[in-house]
Amino acid sequence: MKTKAIILAAGQGTRMQSNKSKVLHKVYDKTLVEYPILAARYVGAEEICVIVGHKAEEVQKALGNTMQYALQKDQLGTGHAVMQAVDFIEDEGEVLILYGDTPLITGRTLEKMLSFHRENKNAATVLSAFIDQPTGYGRIVRSADQTFAKIVEQKDASEDEKQIKEINGGMYVFEARLLKYALSKLKNDNVQKEYYLTDTLEILLAEGHKVDAIATADADDILGVNSREQLAEVTDLMRKRINSQHMAAGVTLIDPQNTYIGPEVKIGKDTIIEPGCMLEGTTIIGENCTIGYHSKIKNTTIGNLVDIEISVILDSSIGDGTHVGPFAYLRPNSHIGKNIKVGDFVEIKNSHIGDGTKISHLTYIGDADVGKNVNFGCGTVVVNYDGQTKHRTTIGNDAFIGCNTNLVSPVTVEEGAYTAAGSTITKTVPKNSLGIARAKQENKEEWVTKKRSK
Ligand code: UD1
Ligand code: MG
């Protein structure tokens, strides 16, 4: 069965007091609208149409061309929003409808809604939630026998209906053909003069189709973001949810209140995450690692038994048993092998570092291919940039780079070669040779004594 998804994101979001589109505000490193997109993808919705309106271009630019878009020029209601995507809706299959401002919706909740929908052969199923403070939400009205009757909006609700605690979460799955049909029948004869998507349910029900609501087990799933306050609340809930899952799976978080792990991050058993860490993007961390306090790690794959202290690591990989930090900066495309030491104040960029190499302190390595068991003395600089172009440096296995060496790229230090401390190396140092490139020392005897006596 083909499942397509429509995501409503045309609203203005006035209460955000922002110059940018509401759905482009972020929870962690992802925009609000990316979360329902991820959830839709989780349940197999490959084709997704985002309804854009306010700041439409900005939203389209941010999400790129993996989405389809439909423009809703004037925001005349949720039903009107979906009408803009009528060409996207086919005659067969299912259509999921989600909001772009509800980042806590999960793939698993949608999966439950879809199973319920399919098992009962419903024409439409709405995701509901039971909440203590239902003011503002549409209420799920049920008949005496508890079957679904309709959804009534806050502004259209009677006093009795306002007491109902089962609310409309705003997420649905429809049989595609019936959704298209019901949209064609929508009217805006209500208090707000809007085309309510919720009215499609009554329309289908009246024609003898099965419509029902299924309540989510976790009412947080449907929380929307309308203000900065709610953005912070949702971020907090997201943190608690994600951190609990990692702890349940065997990861130690020393201070879960101050640990931020992105929704796509994977962490192995018995790894310890110290306070203040931010783990982002598609980061994967192995087992038995220690990720030290205040480290930021993004889109990086880390092996087992890796030990990291207060470092920043971006778009890179680190092999088993390697130590990084404190205060290391691994910039994109740094591929660090196994059992390596990357020590304090070391910066590495776009380089391969072979197993067993030691880069203990105060070193910059950019655009280099470094072999195994190389030793870098303190203060080595790979001079990779000539002001116009970046060049590569190659260092063979077992080489020894003396302290304060400049390696002016492109240059090669062959296997087993040494560079003398303080050298500026501009030519190949052949295998097992010593490269010295510095002025010879000259001592002027008693020079100081004579100067002082003047
Ligand atoms: C809607 C539901 C209500 C439900 C609530 C859940 C209707 C009529 N009411 O309320 O039953 O309890 O969501 O949050 O559907 N949007 C557009 N274009 C529009 C209008 C809205 O794209 O013309 C988008 C908004 O950007 C937002 C979402 O749809 O992401 C919901 O809109 P909002 O105005 O917050 O919902 P309500 O209509 O108040
Ligand atoms: Mg509204």
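All ligand and atom numbering here is 1-based and tracks the order in the structure. Please read all numbers here as calculations on a predicted model, not as lab measurements.
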Which ligand 1 atoms, with their elements, are less than 4.0 angstrom from a heavy-atom of Thr78?
-> 7 (C), 8 (C), 15 (O), 20 (C), 21 (C), 29 (O)
If you measure from the Lys or Arg side-chain nitrogens to the Asp or Glu carboxylate oxygens, is any gap between Asp212 and Arg142 under 4.0 Å?
-> yes
Only one of Thr394, Asp386, Asn384 passes side-chain contact (heavy atoms from CB on, under 4.5 Å) with Ser409; say which it is.
-> Asn384
Would you find a donor on one side and an acceptor on the other, under 3.5 Å apart, between the side chain of Lys4 and the backbone of Phe88?
-> yes
Is the closest side-chain donor-acceptor distance between Tyr195 and Asp199 under 3.5 Å?
-> no
If you measure from each heavy atom of Glu153 to ligand 1, is any distance below 4.0 Å?
-> yes
Asp101: numbered ligand 1 atoms lying under 4.0 Å from its heavy atoms = 27 (C), 30 (O)
Flag the pair Lys349 and Asp367 as a salt bridge only when some basic side-chain nitrogen lies within less than 4.0 angstrom of an acidic carboxylate oxygen.
-> yes
If we ignore angles and hydrogens, is there a donor and acceptor under 3.5 Å between the side chains of Thr3 and Glu94?
-> yes
Out of curiosity, is Gly77 lining ligand 1, as in a heavy atom under 4.0 Å away?
-> yes
Going by distance only, is there an N or O of Gly138 that falls short of 3.5 Å from an N or O of ligand 1?
-> yes
Is the closest N or O pair between Gly11 and ligand 1 shorter than 3.5 Å?
-> yes
Check whether any heavy atom of Ile167 sits under 4.0 Å from an atom of ligand 1.
-> no
Tell me yes or no: between the side chains of Thr300 and Ser316, is some donor less than 3.5 Å from an acceptor?
-> no
Could you say whether the N/O atoms of Ala10 and ligand 1 ever approach to under 3.5 Å?
-> yes
Heavy-atom proximity to atom 4 (C) of ligand 1, best of Asn168, Leu223, Val23, Thr200 = Asn168
Got an N/O contact under 3.5 Å between Tyr172 and ligand 1?
-> no
Apply the test side chain to side chain contact (heavy atoms under 4.5 Å, CB included) to residues Ile291 and Cys289: give CA-CA distance (whole Å), side-chain angles for both, the deciding distance (0.1 Å), then the verdict.
-> CA-CA 6 Å; Ile291 310 299; Cys289 296; 4.3 Å; yes
Of all the atoms in ligand 1, which lie at a distance below 4.0 Å from a heavy atom belonging to Leu8?
-> 22 (O), 24 (C), 29 (O), 30 (O)
Using the side-chain contact (heavy atoms from CB on, under 4.5 Å) rule, pick out the option among Thr322, Val370, Ile395, Asn339 that qualifies with Thr357.
-> Val370
Any idea which atoms of ligand 1 are less than 4.0 Å away from a heavy-atom of Gln75?
-> 18 (N), 19 (C), 23 (O)
From the options Tyr196, Tyr195, Tyr99, select the one whose nearest heavy atom is closest to atom 1 (C) of ligand 1.
-> Tyr99
Ligand-side contact atoms (ligand 1) for residue partner Thr198, heavy atom cut-off under 4.0 Å = 7 (C), 8 (C), 11 (O), 15 (O)
